[in-house]
Amino acid sequence: MCGISGLIHFNEIDKTQIDAVIKMNQSIEHRGPDADGIFSDQSIVLAHRRLSIIDISAGSNQPMIDDSGEIVLVFNGEIYNHKELRSELEVEYKFKTDHSDTETIIYAYKKWGISCVEKFVGMFAFTIYDKIKGSVFLCRDRLGKKPLYYTKTDKGLYFCSESSGLFATGYVEKKINAEAIYDYLSFLTVEAPNTFFENVYKIPAGHYMEITSQGTKLNKYWDIAEYLNINCKDSMNEVISNTKSLLDKSMEYRNVSDVPIAVALSGGLDSSLNLAYTNNIAQTKLVAINVSYVDKSQFDESDIAKQFSEELGVKFVSVCIDQQDYEKWILEYFKAQKDMPIGDPNSPLLYGISKVAAQHGCKVLQVGEGGDE
């Protein structure tokens, strides 16, 4: 998962401001227990919590700085096509890491500027500090799978992967945004850049914000509307072939990991397809996890899930819960999720499955629904 936080001030930064960022970074330790780091100069403070998934060596820890010392990066997420980009960039730049997607972002930015974001396939929230240009970029992936919150104070612009981290600085007052409550009760979400809290905002999906000493500017680099309601002239065979190609590539991308992978397996078509692909692609130990209820119903597919796992030779972990177990997961989830309510009863179940995956040594959980956070 990882977590990023920081302060952008473009003025002489003192120890109290650095300490505030350290508090933010400590408040999101659960996002990245494997390593942490901090960078600061007179203009900016950047901090990172790492959950090591790709290139787990210490050489890929963050904040990461390029060889010239001009570019500093903190990054949360994965760039799925980093190998293809790296092979192109290695002609011009010398990489220090073995296969870090973090370092690929740095040299992609050096070659293409912030337009490099248009080349990335993945889920990401990152901050790039360009010392030469005196610019900072806060960037979020196309569909907003990775969160990125910010607030402006007289101490500068603070940002964090979780809004709760901003309150940890001691400079941000927690006040409920009444308009957000109305939006949530109407749509079960709060449209960016607004959040549940006054003066706390989130970078919208498919956007990046450029910050200089002159101010801030929000830029849209991708819009889903451009891909909707387009007439398709392909034949049915072409549609089937294209869909298969997209699925093959999509699953290949999402199974890049240097640590063990777990798959949430309900027994239905989607999760079974997910397990089949992952079993063929993953280079590490694989675990299939199924959650069922003590009170069985006609919708229970746990037996099918077990049979399919055994056919594929995948370790099957079955967790049978009752109402008390579910209520316990709900309460634990409420404590962990502090940014906004989630109007989906499956969220505590995903939290529970994640706990089970961690107990079996898996840092990556394939769920197939596109909602990483």
Are E162 and R31 close enough for a salt bridge, meaning some N to O gap below 4.0 Å?
-> yes
Whether D325 side chain and D322 backbone form a donor-acceptor pair below 3.5 Å | yes
Report whether I54 and I105 are members of the same hydrophobic cluster (ILVMFWY, side-chain heavy atoms less than 4.5 Å apart, transitive linking).
-> no
Taking Y208 as the fixed residue, which of T127, I128, N219 is the one that meets the side chain to side chain contact (heavy atoms under 4.5 Å, CB included) rule?
-> N219
Report, one line per pair, each donor and acceptor closer than 3.5 Å where one atom sits in a side chain of residues 254-266; sequence neighbours left out.
unit_1 : atom_1 : unit_2 : atom_2 : d
R254   : NH1    : S250   : O      : 3.2
R254   : NH1    : S250   : OG     : 3.1
N255   : OD1    : T278   : OG1    : 3.3
N255   : OD1    : Q366   : NE2    : 3.4
N255   : ND2    : M251   : O      : 2.8
S257   : OG     : V259   : N      : 3.1
S257   : OG     : V259   : O      : 2.8
D258   : OD2    : D55    : N      : 2.6
D258   : OD2    : H99    : NE2    : 2.7
S266   : OG     : G268   : N      : 3.1
S266   : OG     : S271   : OG     : 3.1

Rounded to the nearest 0.5 Å, how far does CD of E103 lie from CG of L89?
-> 10.0 Å
For the side-chain hydrogen bond (donor to acceptor under 3.5 Å, both in side chains) test, which of E90, H82, E84 pairs with R86?
-> E90
Distance-only donor-acceptor hits, side chain of residues 356-365, under 3.5 Å, sequence neighbours excluded:
unit_1 : atom_1 : unit_2 : atom_2 : d
H360   : ND1    : V356   : O      : 3.0
K363   : NZ     : D34    : OD1    : 3.4
K363   : NZ     : D34    : OD2    : 2.5

State, with a plain yes or no, whether a side-chain heavy atom of L349 is found less than 4.5 Å away from one of Y326.
-> yes
hydrophobic_cluster_shared for M123 and I281, side chain cutoff 4.5 Å | no
Y149 ring center within less than 6.0 Å of F197 ring center | no
Without hydrogens or angle criteria, can the side chains of D130 and S135 be said to hold a donor-acceptor pair below 3.5 Å?
-> no
Do K244 and D248 come close enough that some side-chain heavy atom pair is under 4.5 Å?
-> yes
Is the shortest heavy-atom distance from the side chain of K202 to the side chain of S163 under 4.5 Å?
-> no
Members sharing I240's hydrophobic cluster (side chains within less than 4.5 Å) | M236
With the 4.5 Å side-chain cut-off for hydrophobic clustering, are I176 and V172 part of the same group?
-> yes
Counting heavy atoms not belonging to K296, are there more than 12 under 6.0 Å from its NZ?
-> yes
Please identify each residue that fulfils side chain to side chain contact (heavy atoms under 4.5 Å, CB included) with D36, with sequence neighbours left out.
-> N25, R49
With sequence neighbours excluded, residues passing side chain to side chain contact (heavy atoms under 4.5 Å, CB included) with D66 = S68, E70, I71, I106, Y107, K110
When hydrophobic residues are tied together by side-chain contacts of less than 4.5 Å, even through go-betweens, does Y158 share a cluster with I22?
-> yes
So, K152 and T216: side-chain donor and acceptor under 3.5 Å apart, yes or no?
-> yes
Apply side chain to side chain contact (heavy atoms under 4.5 Å, CB included) to K15 and list each qualifying residue two or more places apart in sequence or on a separate chain.
-> D19
What are the two closest non-hydrogen atoms of Y221 and R140, and how far apart are they?
-> OH-O, 2.6 Å
By salt bridge (Lys or Arg N to Asp or Glu O under 4.0 Å) - contacts of D183 (at least two apart) | none
Beyond-backbone contact of F196 with I181, side-chain heavy atoms, under 4.5 angstrom | yes
Under a single-linkage definition using a 4.5 Å side-chain heavy-atom cutoff for Ile, Leu, Val, Met, Phe, Trp and Tyr, are V200 and V190 assigned to the same hydrophobic cluster?
-> yes
Under the side chain to side chain contact (heavy atoms under 4.5 Å, CB included) test, which residues partner I224, sequence neighbours left out?
-> L143, W222, L228
Can you sort out the partners of K94 under salt bridge (Lys or Arg N to Asp or Glu O under 4.0 Å), two or more places apart, ordered by chain and number?
-> none
Sub-3.5 Å donor-acceptor pair from the side chain of D234 to the main-chain atoms of E238, do we have one?
-> no
So, does S354 use its side chain to make a donor-acceptor pair with the main chain of L350 at under 3.5 Å?
-> yes
Transitive ILVMFWY cluster of V136, excluding itself - 4.5 Å side-chain cut-off = I4, I8, F10, F39, I44, L46, I65, V72, V74, Y129, L138, L148, Y150, L157, F159, Y201, I203, M209, I211, L218
Sorted by chain and residue number, the salt bridge (Lys or Arg N to Asp or Glu O under 4.0 Å) partners of E252 (sequence neighbours excluded) come out as K249
Are the side chain of H9 and the backbone N or O of K155 linked by a donor-acceptor pair below 3.5 Å?
-> yes
Would you confirm whether T169, through its side chain, and G165, through its main-chain N or O, come within 3.5 Å as a donor-acceptor pair?
-> no
Please confirm whether the backbone N or O of E118 pairs with a side-chain atom of R142, one donor and one acceptor, at under 3.5 Å?
-> yes
Listed partners of K355 passing salt bridge (Lys or Arg N to Asp or Glu O under 4.0 Å), at least two apart | E332
Strictly by modelled atom types, are S235 and N237 linked by a side-chain donor-acceptor pair under 3.5 Å?
-> no
